[in-house]
Amino acid sequence: MSNKLIDLQNISKSFGGNLVLDELDLYIRENEFLTLLGPSGCGKTTTLRIIGGFETPDTGSVLFEGKDITNLAPDKREVNTVFQKYALFPHMTIAENIAFGLKIRKKSASYIKDKIRYALKLVNLDGYEKRMPDSLSGGQQQRIAIARAIVNEPKVLLLDEPLGALDLKLRQDMQYELIRLKNELGITFIYVTHDQEEALTMSDTIVVMNQGYIQQIGTPEQVYNEPENAFVADFIGDSNILPGIMIRDELVEILGARFDCVDKGFGENNPVDVVIRPEDIDLVSPGEGTIEGIVTDTIFKGVHYEMCVMSRGFEFIVHSTDYYPENIKVDLKVNPFDIQIMHKPESEDEKAVEIDERLP
Amino acid sequence: MKKTVGRLYLTLVLIFLYAPIATLMVLSFNSSKSRAHWGGFTFEWYLGLISNEEIMDAFRTTLILAFLSAFIATVLGTAACTGMQFMRRRYRSIIMGITNIPMLNADIVTGVSLMLLFIAARVSMGFTTVLLSHITFNIPYVILSVMPRYRELNKSTYEAALDLGAGPVYAFFKVVLPDLMGAVLSGFLMSFTMSLDDFIITHFTQGPGFDTLSTKIYSEVKKGINPEIYALSTIMFLAVLILLFFVNYRPHLDKENVKK
Ligand SMILES: Nc1ncnc2c1ncn2[C@@H]1O[C@H](COP(=O)(O)OP(=O)(O)O)[C@@H](O)[C@H]1O
Ligand SMILES: [Mg+2]
């Protein structure tokens with residue numbers, strides 16, 4: 001209870017009749033790297049702006065260390081934001097940009113100078129004090145934006161798709177930089193992205209959102225291995241999502257074949273959704289597996305082969321380091337603990353039940 | 001063939017547009033008072049202006065009026081644009097429409113209605129009424145100049161300033177205004193020019209004993225044409241020309257500054 005740094009309670013927000021956040025509940029722990037992940041338009045930025053103080057929720061409240069800050073102005077909050085488009089001040093030098101917040105806090109000139117040097121070192125841009133923002137590349141500007149935020153020693157750093165505008169190589173480098181920064185500074189990060197790989201790489205906790213609802217909260221392993229519904233399964237990585245019937249506890253019928261699994265509590269003979277990750281399917285010789293199929297397509301992906309296997313009218317995606325040529329007959333085998341059973345959603349955007357299984 | 005016709009046409013248009021002003025300029029250097037014959041080159045009329053107390057008085061009034069009205073209109077217009085940023089888009093375009101109308105309105109209508117308003121409000125005519133009128137007709141020009149710049153402004157720099165602990169006022173002056181400065185200066189120069197340029201509205205709102213250069217020229221011309229007036233008109237034309245040049249070339253100058 002005491003280490004809830006930020007607590008969003010029952011937050012709703014709509015823009016001109018368009019409901020963007022619907023009764024959202026979420027808390028962020030001290031020192032956590034929490035990522036809001038979801039497709040574009042699902043309300044991630046809006047959530048972040050409510051925490052930063054740039055939007056006021058229609059209902060609900062925002063608590064910071066137990067105090068209600070719902071209506072507190074952004075300049076009075078102990079959080080700093082790294083904006084999607086950097087938002088450096090174009091007419092100020094890099095040093096002046098970084099010093100902006102410190103000057104407002106009336107820090108001494110020598111303190112400011114030290115801080116600027118420290119922050120530039122931290123983001124690997126020593127010696128850039130006198131440069132103007134538009135003489136820097138996108139990645140450098142991004143790092144200055146981060147430096148400008150962290151010199152103020154905020155308790156929480158909010159980052160809105162900070163790597164969105166960078167190319168792939170730079171993005172991967174920056175991911176490691178950010179993790180390093182987070183560990184060095186020991187502050188809480190709230191990170192927004194629509195890139196599942198980014199989320200899986202960096203986060204302690206992932207909050208999967210869709211259409212203003214939280215679909216699942218969990219560690220990267222949890223949302224990847226145990227998606228709570230078809231949306232999460234589909235959004236996080238490639239997966240085979242197919243309808244099934246839960247015969248009884250630990251036994252599910254898929255495409256007319258019965259698979260052992262480890263899930264319980266879905267009742268008997270109930271329709272469910274089943275997720276099987278491509279890398280969890282083993283291809284074996286005919287007669288050795290649970291269900292038969294035929295390889296329809298094989299592509300080499302560098303580390304593994306990606307194959308399509310047609311089985312009883314469903315096309316499975318399979319990742320394997322073993323090569324199977326097209327048109328060969330195979331059997332599919334899946335370990336019981338690699339089969340993930342989910343409730344069928346009652347409607348398209350049904351709110352997922354939020355079970356908080358986060359590790360302390 | 002087509003080219004020559006085109007050139008000829010262009011020349012005719014230019015002659016048509018600038019012949020009157022050229023005539024005026026030539027006559028302002030004519031030592032003979034006659035408009036019909038050239039008596040030799042002279043600066044006499046220009047020098048005469050400087051020693052003419054009334055004209056120098058009107059000149060000072062005109063400058064003070066242009067500066068004050070442009071300055072106040074720039075402050076008010078920029079503030080108005082800032083306010084409009086926080087409006088819903090629909091209301092914003094309605095307000096923009098309303099502020100644009102006075103620019104298209106005939107000066108004489110604006111002048112007469114301002115005069116009627118001042119009379120109805122029992123304000124005695126003089127510097128204050130002219131100043132108020134000039135501020136009124138200048139504000140739309142400032143808005144016209146500043147508003148487009150506001151729209152292309154990166155809104156998140158303002159939010160970034162707040163995020164770093166700046167109050168709204170500090171953020172505006174430190175972060176937003178420097179970005180707007182080019183457009184604000186253009187608005188100021190445009191207003192300054194409009195104020196220098198105005199005759200009709202000043203004519204209807206001026207009191208006794210108050211003259212700007214243009215109303216002075218008008219009353220002198222009524223008394224009888226005098227070469228000093230040619231000289232004065234030439235100066236005014238050149239002043240406005242130079243100002244317009246600055247208004248139009250400012251954006252380019254801005255861009256060059258940024259590159260440095
Ligand atoms: N200021 C605003 N006015 C109107 N609609 C908005 C505003 N901000 C966001 N929206 C709408 O809210 C929805 C969610 O936006 P956002 O939170 O930016 O999504 P995300 O960051 O997940 O892409 C979108 O449909 C967007 O159009
Ligand atoms: Mg967004």
Side-chain angles (χ1 to χ4, degrees), chain A residues 15-16 45 48-49 51-55 72-93 96-107 115 119 131-135 141 144-154 156-162, chain B residues 78 81-95 145-146 148-188 250-260:
Chain A
F15 290 110
T45 298
L48 208 64
R49 290 171 61 80
I51 299 173
F54 299 109
E55 304 282 358
L72 195 68
D75 49 305
K76 304 280 188 309
R77 299 192 180 198
E78 285 179 89
V79 302
N80 281 122
T81 309
V82 175
F83 290 85
Q84 199 161 3
K85 302 239 174 69
Y86 321 144
L88 297 180
F89 308 131
H91 55 281
M92 296 185 198
T93 64
E96 286 167 339
N97 263 280
I98 297 176
F100 192 86
L102 299 173
K103 279 194 184 140
I104 290 168
R105 285 187 189 76
K106 304 236 170 358
K107 301 289 186 192
K115 267 288 184 190
R131 298 276 290 268
M132 295 306 279
D134 62 1
S135 73
Q141 290 190 30
I144 296 301
I146 293 169
R148 183 178 67 179
I150 59 178
V151 289
N152 303 294
E153 299 174 359
V156 182
L157 193 63
L158 309 176
L159 302 107
D160 192 357
E161 311 221 7
Chain B
T78 308
C81 289
T82 309
M84 277 192 264
Q85 286 312 302
F86 293 95
M87 283 182 176
R88 294 254 180 91
R89 179 177 299 195
R90 186 148 46 101
Y91 296 116
R92 192 162 64 202
S93 39
I94 292 172
I95 301 267
S145 165
V146 174
R149 180 74 194 122
Y150 238 125
R151 221 167 289 155
E152 61 193 47
L153 201 74
N154 184 353
K155 248 192 192 163
S156 52
T157 54
Y158 172 69
E159 290 188 341
L162 294 186
D163 188 76
L164 294 165
V169 177
Y170 185 83
F172 176 79
F173 282 104
K174 272 297 228 205
V175 170
V176 180
L177 195 57
D179 259 8
L180 291 177
M181 216 51 204
V184 170
L185 275 182
S186 294
F188 176 84
R250 257 217 71 86
H252 306 285
L253 295 177
D254 276 353
K255 268 177 209 140
E256 269 157 37
N257 283 343
V258 168
K259 269 187 202 134
K260 265 180 228 160

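Quick note on labels: first sequence line is chain A, next is B, and so on, each numbered from 1.
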Discussion item. Report which part of B:A161 has an atom under 4.5 Å of a heavy atom belonging to chain A: side chain, backbone, both, or neither.
Written reply: both

Practice prompt. Answer yes when B:K174 and A:E96 have at least one side-chain N-carboxylate O distance shorter than 4.0 Å, and no when they do not.
Written response: no

Practice prompt. Output the option from A:A87, A:P90, A:G52, A:G101 having the highest count of non-hydrogen pairs under 4.5 Å with chain B.
Written response: A:A87

Worksheet entry | Heavy-atom contact with chain A under 4.5 Å, split by part of B:Y158 | neither

Worksheet item: What residue, out of B:L162, B:V175, B:L164, has the most heavy-atom pairs lying under 4.5 Å from chain A?
Response: B:L164

Fill in: CG-CZ distance between A:L88 and A:R148, expressed to the nearest 0.5 angstrom
5.0 Å

Worksheet entry | Stepwise side chain to side chain donor-acceptor pair (under 3.5 Å) check, A:Y86 with B:S156 | CA-CA 8 Å; A:Y86 321 144; B:S156 52; over 6 Å; no

Fill in: Toward chain B, the part of A:N152 with a non-hydrogen atom under 4.5 Å
side chain

Worksheet item: At what distance, to the nearest 0.5 angstrom, does CG of B:D179 lie from CD of B:E152?
Response: 10.0 Å

Worksheet item: Parallel, tilted or perpendicular: which describes the rings of A:F100 and A:F89, with under 30° parallel and over 60° perpendicular?
Response: tilted

